Undergrad: 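Handing you a structure now.
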Amino acid sequence: MLDTKKEYLIIKILQVNLPLWFKQAKRDLPFRQTKDPYSIWISEIMAQQTQIDTLIPYYYRFIKQFPNVFSLTLASEDEVIKAWEGLGYYSRARNLHQAARLIVSDYNGLMPDTFTELIKLPGIGPYTGGAIASIAFNEKVCAVDGNVLRVISRYCNSYDDIGDAKTKKRITQWLETILPQAVGDFNEGLMELGAMICTPQNPKCLLCPIRDGCQSFIAGTTALIPVKKKKQKQVTKKMEVGIVKQNGALFFIRRPDAGLLSGMWSFPITEAAAKNSQAIKKKLEESFSQLGEPVLIGTSRHVFSHVIWEMSVYGFNLDLSVCETNAGYLTANQPPDQSTFKSLAQVDELALPVAFSKLLKLLDNF
DNA sequence: TATGCGTGGGC
DNA sequence: TGCCCAAGCAT
């Protein structure tokens, strides 16, 4: 990976300068004021594919609501998902809840303290396991995330594709041979450097504490590294959303427990079959015997990681007198806990993804 | 190995 | 607008 003649010096710069820099430059983050494995676990799960600034308010709220693994265990999955509302990648919340119950049932409520045990828990993979083990338990393992891949690729002037599993393995194995005693600070330092200095665009090399060893800085290739294959862009889907209103209350359904936004609440939504087909009306007629004509109240676009929804939002007024004469408006395949009416004041009780919560402002047109 | 899985921010 | 990216994991 590196010219062996230089390697000793280059490794020393990394081992010595990085922790020194981290000690004085690290951000004052709430989860850095504790060694509590539970708190560190929560912060690391939240940090997956999420910028630190985004998760901080969630972290405070979550720790206040669920201060330890037992309180998390006692909560319902709905409560945990609600606490995760707005953060995205909601399977993280479900895995967190599952893992908490495993920790109580299989580990006497104590967080497993080794990498090997940690990665057996749902939602904890190689990165998160390494982060918890090294930061909370000082185990000599590395924690290789996107920051680390970028920092090390540049430091070694490597053009290997960081999306390739082989590259990650190679970097992991190299790091394992150079981990210093204070492994937690070293791992966090690499990530902090990646987040604050060795950024993807316009890295602040003049402020970098390991610049003298950085082969990419020396070669002037920091703009070319890391190499990463382009993601294929999202598919755009035209969707129809139905907002059913009855006496000011809105109709919601719970989404299936697998797939996009699983377990979250939702307005009824369908993929538009064809132009002006009003597929949503057909779907709603399965649940409501008398709907009336839909009113187009607006459009909205929502970008997910792998799909884009272009939504046409239709309002349906449910006449109370009609509903009373059709008490069985809910179909049998929609059990009561899978659908509900909520007033605007009550909507907050449901875990509603942003794709739908942002539609609430369209109600002014309805 | 490749894909599904959210959301917000930067430019 | 679009495009990239972010302290990844499960399958």
Side-chain angles (χ1 to χ4, degrees), chain A residues 22 26-27 29-32 40-59 81 84-96 98-99 118-136 142-151 161-169 172 184 186-196 198-203 223 226 228-236 255-264 266 301-310 351-358:
Chain A
F22 180 65
K26 64 180 175 183
R27 288 168 291 177
L29 304 174
F31 40 86
R32 283 183 176 159
I40 291 171
W41 172 40
I42 302 301
S43 72
E44 289 299 342
I45 299 297
M46 286 185 172
Q48 292 170 5
Q49 295 291 284
T50 305
Q51 297 192 18
I52 298 301
D53 289 344
T54 302
L55 69 85
I56 286 176
Y58 287 89
Y59 174 81
I81 291 182
W84 212 264
E85 179 187 65
L87 257 186
Y89 287 150
Y90 297 99
S91 65
R92 290 184 292 174
R94 298 145 78 86
N95 286 144
L96 204 56
Q98 267 193 291
L118 283 164
I119 60 171
K120 291 179 182 172
L121 293 170
I124 298 184
Y127 162 73
T128 307
I132 299 172
S134 64
I135 296 170
C142 50
V144 180
D145 71 336
N147 287 310
V148 176
L149 291 173
R150 182 174 60 256
V151 168
D161 180 356
I162 61 170
D164 190 336
K166 288 198 294 282
T167 304
K168 183 175 177 183
K169 186 172 182 182
T172 300
F186 181 77
N187 286 341
E188 273 199 275
L190 280 174
M191 293 188 273
E192 188 79 351
L193 189 75
M196 306 306 293
C198 194
T199 48
Q201 312 299 328
N202 308 314
K228 197 174 173 183
K229 255 198 311 244
K230 276 183 186 166
K231 270 185 250 178
Q232 61 181 43
K233 67 176 182 182
Q234 300 98 325
V235 178
T236 298
R255 295 177 62 79
D257 56 23
L260 183 63
L261 303 174
S262 53
M264 304 289 286
S266 161
R301 175 186 164 88
H302 193 80
V303 179
F304 295 96
S305 48
H306 63 294
V307 65
I308 297 172
W309 280 355
E310 287 181 353
L352 202 62
V354 172
F356 296 113
S357 61
K358 71 184 186 185

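Order of the sequence lines fixes the chain letters, A, B, ..., with proteins taken first and strands second; residue numbering starts at 1 for each chain. Source: prediction; values computed, not measured. Computed from heavy atoms alone, side chains included, the values below leave out hydrogens, waters and symmetry copies.
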Undergrad: Can you tell me if the side-chain N/O atoms of Arg301(A) get under 4.0 Å from OP1 or OP2 in dG2(C)?
TA: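 Arg301(A) to dG2(C) OP1/OP2: side-chain N or O found under 4.0 Å.
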Undergrad: Please check the phosphate of dA10(C) (OP1 and OP2 only) for any side-chain N or O of Tyr89(A) closer than 4.0 Å.
TA: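 No, Tyr89(A) has no side-chain N/O under 4.0 Å of OP1/OP2 on dA10(C).
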Undergrad: Taking the nucleotide of DNA chain B with the nearest heavy atom to each, does Ala355(A) or Lys229(A) sit closer to the 5' end?
TA: Lys229(A)
Undergrad: Let me know the distance between CZ of Phe356(A) and C1' of dG6(B), rounded to the nearest Å.
TA: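 My rounded result for the distance is 12 Å.
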Undergrad: How far, in whole Å, is dG8(B) from dT1(C) if one measures between their P atoms?
TA: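 Approximately 16 Å lies between the P atom of dT1(C) and that of dG8(B).
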Undergrad: Would you please indicate if the ring centroids of Phe304(A) and His306(A) are separated by under 6.0 Å?
TA: no
Undergrad: Is Gly194(A) touching bases, backbone alone, or none of the nucleic acid, heavy atoms closer than 4.0 Å?
TA: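 Nothing, no nucleic acid heavy atom in range.
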Undergrad: Looking at every strand, decide which applies to Val148(A) at a 4.0 Å heavy-atom threshold: base, sugar-phosphate, or nothing.
TA: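 Touches nothing.
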Undergrad: Under 4.0 Å, counting only non-hydrogen atoms across every strand here, what does Ile52(A) touch: a base, just sugar-phosphate, or nothing?
TA: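 The residue Ile52(A) makes base contact.
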Undergrad: Give the nucleotide from the list dA7(C), dA6(C), dG8(B) with an atom nearest to the side chain of Val354(A).
TA: dG8(B)
Undergrad: Does a side-chain heavy-atom distance below 4.5 Å link Leu261(A) with Phe356(A)?
TA: yes
Undergrad: Would the base of dA7(C) count as contacting Arg27(A) through its side chain, where contact means a donor and an acceptor less than 3.5 Å apart?
TA: yes
Undergrad: Touch check for Ile119(A), heavy atoms < 4.0 angstrom, all strands: base, sugar-phosphate only, or nothing?
TA: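 Result for Ile119(A) = nothing.
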Undergrad: Could you tell me whether the side chain of Tyr90(A) and the main chain of Leu260(A) form a donor-acceptor pair under 3.5 Å?
TA: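 Between the backbone of Leu260(A) and the side chain of Tyr90(A) there is no qualifying donor-acceptor contact (under 3.5 Å).
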Undergrad: What is the nucleic acid contact for Thr128(A), judged by heavy atoms within less than 4.0 Å: base, sugar-phosphate only, or nothing?
TA: sugar-phosphate
Undergrad: Please pick, from dA7(C), dC9(C), dG6(B), the nucleotide with the shortest atom-to-atom distance to any side-chain atom of Arg92(A).
TA: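 So the nucleotide nearest the side chain must be dG6(B).
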Undergrad: Applying a 4.0 Å non-hydrogen cut-off, can you work out what Arg255(A) is touching in the nucleic acid: base, sugar-phosphate, or nothing?
TA: nothing
Undergrad: Please give, in whole Å, the distance from dA2(B) P to Lys168(A) NZ?
TA: 15 Å
Undergrad: Looking across every strand, which nucleic acid part, if any, lies under 4.0 Å from Thr54(A) by heavy atom: base, sugar-phosphate, or nothing?
TA: nothing
Undergrad: Is any side-chain N or O of Arg94(A) closer than 4.0 Å to OP1 or OP2 of dA10(C)?
TA: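 No, no such contact exists.
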Undergrad: Send over the distance from Gln51(A) CD to dC4(C) P, rounded to a whole Å.
TA: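 Rounded to the whole Å, the gap is 16 Å.
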Undergrad: Under 4.0 Å, counting only non-hydrogen atoms across every strand here, what does Leu261(A) touch: a base, just sugar-phosphate, or nothing?
TA: sugar-phosphate
Undergrad: With a 4.0 Å cut-off on heavy atoms, is Lys228(A) in touch with a base, just the backbone sugar-phosphate, or nothing at all?
TA: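 Since only primed, P, OP1 and OP2 atoms lie under 4.0 Å of Lys228(A), the category is sugar-phosphate.
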Undergrad: Reckon Leu55(A) touches a base, only the sugar-phosphate, or nothing at all at heavy-atom distances under 4.0 Å?
TA: nothing
Undergrad: If I compare all heavy atoms of Ser262(A) with all of Arg94(A), which pair ends up nearest, and what's the gap?
TA: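 Scanning both residues, the minimum pair turns out to be O-NH1, 3.5 Å.
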Undergrad: When you measure only distances, ignoring hydrogens and angles, does the side chain of Thr50(A) come within 3.5 Å of the base of dG6(B) through a donor and an acceptor?
TA: yes
